[in-house]
Amino acid sequence: MFSRLAVRRAPRVATVSVRYSSSAKEGSVAQSRGFKERESAVENEYAHKQEHAKLMKLKAEIELKKIELVRADGL
């Protein structure tokens with residue numbers, strides 16, 4: 001009985017999907033010049049802030065060492 005049902009089953013139809021794109025390349029936004037410039041500016045700003053924070057920390061450490069030296073000379 002199962003063999004007859006398997007034979008009588010309608011064949012499956014394969015579906016094909018079509019993708020439409022407005023550009024020739026995927027990811028063309030990331031290749032645009034404006035995007036690269038903005039991304040570079042953001043990265044540069046981040047690096048500048050990190051360097052500035054490190055510099056301020058080092059300056060504070062230098063001032064503490066100067067105070068320690070002055071106290072050590074006074075003893």
Side-chain angles (χ1 to χ4, degrees):
M1 184 169 197
F2 284 115
S3 62
R4 283 187 175 179
L5 289 177
V7 173
R8 290 184 187 176
R9 184 183 294 180
R12 293 185 181 189
V13 179
T15 58
V16 177
S17 65
V18 178
R19 292 177 48 187
Y20 295 99
S21 177
S22 62
S23 66
K25 284 181 155 182
E26 289 185 19
S28 62
V29 173
Q31 295 175 355
S32 68
R33 190 170 134 202
F35 178 81
K36 287 181 182 178
E37 289 175 357
R38 286 190 305 272
E39 186 69 17
S40 177
V42 169
E43 290 173 358
N44 289 342
E45 181 181 6
Y46 176 78
H48 179 73
K49 285 182 180 180
Q50 294 297 317
E51 289 176 358
H52 183 71
K54 285 180 184 178
L55 213 105
M56 291 295 112
K57 183 179 174 183
L58 288 173
K59 284 184 179 180
E61 289 177 8
I62 289 172
E63 290 300 319
L64 287 174
K65 292 293 180 183
K66 284 182 181 179
I67 292 171
E68 286 178 18
L69 286 174
V70 168
R71 287 184 183 167
D73 285 342
L75 292 177

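Ion pairing of E39 with K36 is absent here, as no side-chain N (NZ or NE/NH1/NH2) approaches a carboxylate O to less than 4.0 Å. Salt-bridge annotation for K49 and E45: present, with a side-chain N of the basic residue lying under 4.0 Å from a carboxylate O of the acidic one.
Annotation: side-chain contact (heavy atoms from CB on, under 4.5 Å) contacts of K54 (sequence neighbours excluded): none. Remark: E43 pairs with no residue by the salt bridge (Lys or Arg N to Asp or Glu O under 4.0 Å) rule, at least two apart or across chains.
Atom CG of L58 sits about 12.0 Å away from atom NZ of K65, to the nearest 0.5 Å.
Chaining together hydrophobic side chains whose heavy atoms lie under 4.5 Å apart places L55 alongside M56.
Taking the side chain as every heavy atom from C-beta outward, I67 and R71 approach each other to under 4.5 Å.
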